[in-house]
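Every number for a ligand or one of its atoms is a count from 1 in the order of the listing.
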Amino acid sequence: MIVLLKRLRYITVLLSSTTIMLFLYFQNSEMVLTYSSYIFVSEQALCGCHICVADQGNSSWFSERYKPTVPLLLNSTNTDLHANVSMWWKELQDVPNISNYTEVVDQLFPLFPDEEHYSDAGPERCRTCAVVGNSGNLLGSNYGPLIDFHDFVIRINKGPTKGYEKNVGNKTTHRILYPESAVDLDENTHLVFFPFKVLDMQWLISAFTTKNITQTYTEVPSTIKANKDKVMILHPEFIKYVHDNWSEGHGRYPSTGFLTLIFALHICDKVNVFGFGATSDRNWHHYFDETLALFESNIHGADFENKTINWLQQENKIMMYKGWT
Ligand code: C5P
């Protein structure tokens with residue numbers, strides 16, 4: 001009888017300790033599970049680079065300005081402009097907007113790709129971009145191979161590659177243009193069109209169809225060589241967003257280079273910047289001619305743009321390559 005009682009007590013102790021251990025085990029594993037899924041959710045990478053531009057967790061200065069939901073490019077579903085954007089955008093340049101905006105944009109997307117572009121961000125991708133400005137500080141830099149190493153090489157206006165390959169590279173995936181800065185592109189280059197007035201959109205249509213617009217506030221080419229299926233058009237709301245959030249209202253509207261740089265923050269995971277700023281002897285000429293780039297600060301708020309670019313570098317959002325000359 002005593003032996004039986006002892007066995008019973010032994011079995012009870014064994015059962016209860018097993019129950020307690022099992023309880024603790026499952027409780028812990030749930031914690032582990034919950035904890036690891038928490039880590040998974042909270043650390044889901046925005047991109048595959050070491051640091052992702054769009055990560056708003058590492059700079060409050062940046063997150064106060066960066067708006068990931070802003071419309072980047074026009075497509076047939078987002079052409080309606082908010083009244084304040086429409087009013088502001090139509091006043092940018094002293095060229096009367098005679099034509100009706102809606103009638104003009106309605107002609108854009110039967111002609112050009114009507115797509116959601118740049119929606120391919122993901123934890124496995126590290127989209128590196130070189131934004132190449134036109135500063136003379138590129139001369140003697142030997143940056144060519146480094147620039148060409150990027151996934152996207154974004155060039156601005158007339159900045160040529162032919163004859164300057166050693167310093168600026170020869171790859172161009174995107175070229176930023178507007179009618180007054182138009183040049184011919186090759187088949188594989190995206191024409192990223194920056195419209196500053198309704199007439200600019202009309203020029204774009206005309207350049208690929210009737211070729212009858214040859215004048216804006218100056219003479220413009222009636223057409224250009226470019227792949228119609230690679231045309232992208234910057235959204236007017238994006239220009240206002242850069243003016244409000246990044247230029248903080250300085251100047252009348254942002255410069256093409258500054259717009260391009262902020263555009264790159266929205267389509268790239270890593271942004272390296274070349275050919276911005278004066279040469280070491282404070283010269284503001286282009287690398288391809290002796291014309292001084294005119295930064296009329298009353299128009300573009302150049303000083304403030306430069307300050308913002310320096311801040312972006314300090315906050316590790318971009319890397320500036322200042323050249324050698
Ligand atoms: O002169 P352009 O507007 O074609 O140059 C394109 C961009 O390159 C400018 O908007 C500016 O951001 C940059 N640039 C520069 N310093 C220069 C020339 C151009 O920062 N000397």
(request) Go through the side-chain N and O atoms of Thr279 and Asn137 and say whether any donor and acceptor fall under 3.5 Å apart. (result) no
(message) For atom 1 (O) of ligand 1, which of the options Glu305, His286, His300 provides the nearest non-hydrogen atom?
(response) His286
(message) Ignoring hydrogens and geometry beyond distance, is a side-chain donor-acceptor pair present between Asn58 and Lys317 at under 3.5 Å?
(response) yes
(request) Ignoring hydrogens, just give me the one of Gly257, Gly275, Gly277, Gly159 whose non-hydrogen atom is nearest atom 7 (C) of ligand 1. (result) Gly257
(message) I'd like to know if the side chain of Thr214 pairs up with that of Glu219 as donor and acceptor (distance under 3.5 Å, no hydrogens or angles considered).
(response) no
(message) Could you tell me, atom by atom, which parts of ligand 1 come under 4.0 Å of a heavy atom of Ile156?
(response) 6 (C)
(message) Could you tell me if Arg155 and Thr172 have a donor-acceptor pair between their side chains, going purely by distance under 3.5 Å?
(response) yes
(request) Report yes or no: do Trp246 and Tyr241 form a side-chain donor-acceptor pair below 3.5 Å? (result) yes
(request) Determine whether the side chains of Glu315 and Ser59 contain a donor N or O and an acceptor N or O closer than 3.5 Å. (result) yes
(message) Applying a heavy-atom cut-off of 4.0 Å, say which part of Asn134 lies close to ligand 1: side chain, backbone, both or neither.
(response) both
(request) Identify which of Thr256, Thr260, Asn157, Asn283 has a heavy atom lying nearest to atom 3 (O) of ligand 1. (result) Asn157
(message) Within the 4.0 Å heavy-atom shell around Gly133, which atoms of ligand 1 are there?
(response) 8 (O)
(message) Tell me whether Lys158 reaches ligand 1 (any heavy atom closer than 4.0 angstrom to a ligand atom).
(response) no
